[in-house]
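Okay, handing you the structure first.
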Amino acid sequence: MHRAAEQARRGAGGSPTIRTADPAAVPGLTTVTRVRRDANQRVFIGYPDVPGAPELTKALAAAVDEQVAPFDSASTRIPPLPAGDVPELNVRWSLTAASDDVVGVRLVTSRTLGFTGGEARRTLWYDGVTRTVHPSADLVNGPQGLAALTQRVREHLGGQVTPERVRPDPLLFSSMGFNADGDLVVEFSDYTVAPGTAGRVAAVLKSAAVTPLLSDFGRRARQAALARRPQAALRPETTGTPSSAPSVKAQSAAPPEPVDCRRAKCVALTFDDGPGPYTGRLLDTLAAHGARATFFVVGGSAAVHRDLLRRQAAEGHEIGNHTQDHRDLERLAAIQVNTDVQETQLLVRDAVGRAPRLLRPPYGSTNGSVGEVAASLGLVQVMWNVDVRDEVTSDPKAIADRTVSAARPGAVVLLHDTRRPTAEALPRILDRLARKGYRFVTVSQLMSGTRVSPGDVFGGHTGGR
């Protein structure tokens, strides 16, 4: 049994798992993705942009910035890490509630700096009636309620925590939600109330016992968390043109025509980290040019945009696996790698009817353990041999110029469908490369005729074929 679950069940007998809502239940919801990768650090951040709740999106961005700033500072101070290791920051999210007037968003931040690391947990709650964002401590009724909650948490967790560290501080009680029974789950960030080796520390307070401690908003939040069919439809503050959702209308597309890349000038455009708000625009452009591409999707974002997955498949594009949370797989145990990859395999299969055959490890970071997991799931690892660094420029022309200049027969080009400049650059890329005689194929089409076994690495062809 997981240690955190064991601690919670010893304390109160309830499940420490916070109930989550399907993000696809929120019409128009999309994702904000931030990526940074260089010789000094690796950063992947995701959080939702909820229609009708700009205050919540702004608060989530601020919460993320509070994690990024100290990470940036710390990563510049530490000496070079052994074996070329690079500091990593990863922020993933889930919905803890989604109703007409209450939305909860849980952020989990993983930070690794050499031999130190850990997870920070924070849940923000949005009141659609008052259009205000609440910290988790607002689920209980003021300082008196927080003091009573503190005492109960101490009693439930007992010797699993350092008692004097559990104090009535709203910042300490930064992440609270509800399990499927309506019990209050109070979780703490690593190193705050117990040693880091304890992992996730969570106390579960039974619904009947905690109800007197909840604020009016806390009761509404619990009701929203327990909704049988969550579907947030927050009312915008002013009327006008609604925010545009990603284009999801599938184009009628013939099956990809056979291309012999041993004779033709083939290039495989690949897009990482989506789906996102610009994926539909990219698909429109690809359809207009009769081009095929490969999309390596992140499971956390794919769960929001299953409709875009279906469109990608219907229009003849290839969908690859970019893991569930975009964590550096070399840092994870084999069982964690398997879980992170398998979750996205199942999600894509459920959405389009077939699971991916390709895996792109985040940051291109792989080792023998990752290869073994990939082999067990029948996945070929796919890297790239052209990287135009589209994530570090806002100039579409520069992205197009770099791509066209670096393209060569047999190239696998790394791009990102989470960025507007890339979407704006794509028409120029397709036009200019087409004039040079290039055919736009999927990675599997490019690999055709090449012996690549599951678990092996394919990074394109060098010097053409």
Side-chain angles (χ1 to χ4, degrees), residues 250-275 279-280 282-298 302 305 308-322 344-345 348-349 351-361 364 374 377-388 390 403 406-417 422-423 426 429-430 433-434 436-454 456-462 464-465:
Q251 307 288 325
S252 57
E257 61 180 270
V259 179
D260 185 352
C261 291
R262 291 171 297 183
R263 300 177 182 275
K265 291 174 65 175
C266 293
V267 61
L269 301 180
T270 66
F271 297 92
D272 283 10
D273 300 345
T279 305
L282 281 164
L283 290 171
D284 291 342
T285 301
L286 291 166
H289 287 75
R292 300 291 191 267
T294 302
F295 292 86
F296 288 97
V297 301
V298 174
H305 298 297
L308 286 173
L309 296 184
R310 288 188 283 269
R311 181 179 172 188
Q312 289 168 354
E315 296 182 3
H317 304 294
E318 186 164 27
I319 300 174
N321 189 325
H322 203 34
T344 301
Q345 287 291 99
V348 174
R349 187 193 67 186
V352 306
R354 59 184 180 275
R357 295 185 300 169
L358 308 177
L359 168 68
R360 174 165 285 168
L377 297 174
L379 293 164
V380 171
Q381 299 184 78
V382 176
M383 302 304 176
W384 55 87
N385 54 14
V386 172
D387 181 1
V388 297
D390 62 318
T403 304
R408 57 188 181 273
V412 176
V413 182
L414 174 62
L415 296 162
H416 299 82
D417 58 325
T422 302
L426 186 60
I429 293 171
L430 297 176
L433 288 180
K436 290 176 175 284
Y438 279 95
R439 305 286 296 276
F440 304 101
V441 298
T442 66
V443 170
S444 287
Q445 286 178 296
L446 191 65
M447 283 196 303
S448 181
T450 304
R451 298 184 63 180
V452 185
S453 300
D456 289 349
V457 174
F458 175 75
H461 300 294
T462 58
R465 294 182 65 184

Does the R360 side chain pair with the main chain of M383, one donor and one acceptor, at a distance under 3.5 Å? yes
For a side-chain contact (heavy atoms from CB on, under 4.5 Å) check, start with the C-alpha distance between T285 and L430, then their side-chain angles and the critical distance, and finish with the verdict. CA-CA 9 Å; T285 301; L430 297 176; 3.9 Å; yes
How about H322 and D273: do any of their side-chain heavy atoms sit closer than 4.5 Å? yes
Where do G280 and R311 come nearest, in terms of heavy atoms and distance? O-NH1, 3.6 Å
Which atoms form the tightest heavy-atom contact between G410 and N385, and what is the distance? O-ND2, 3.6 Å
So F295 and H317, would you call those rings parallel, tilted or perpendicular, with 30° and 60° as cut-offs? perpendicular
Taking Q445's backbone N and O only, do any of them form a donor-acceptor pair with T442's side chain (distance below 3.5 Å, no angle check)? yes
Please check this pair: side chain of D390 against backbone of H416, looking for a donor-acceptor N/O pair closer than 3.5 Å. yes
Hey, does the side chain of T294 reach the backbone of V443 with a donor-acceptor pair shorter than 3.5 angstrom? yes
Quick one: closest heavy-atom pair of F458 and V380, and the distance? CB-CG1, 4.2 Å
Stepwise side-chain contact (heavy atoms from CB on, under 4.5 Å) test for T422 and D417: CA-CA 7 Å; T422 302; D417 58 325; over 6 Å; no
What one should report as the nearest heavy-atom pair of H305 and P275 is CD2-O, 3.6 Å
Does K265 reach the side chain of Y438, with side-chain heavy atoms less than 4.5 Å apart? yes
So, E318 side chain and S444 main chain: donor-acceptor pair closer than 3.5 Å or not? yes
In short, V352 meets L309 closest at the heavy-atom pair CG1-O, 3.5 Å
Give me the atom names and distance for the closest heavy-atom approach of L446 to G460. CD2-CA, 4.5 Å
Should Q312 and V297 be marked as a side-chain contact (heavy atoms from CB on, under 4.5 Å) after you check the CA-CA gap, both sets of side-chain angles, and the distance that decides it? CA-CA 11 Å; Q312 289 168 354; V297 301; 4.2 Å; yes
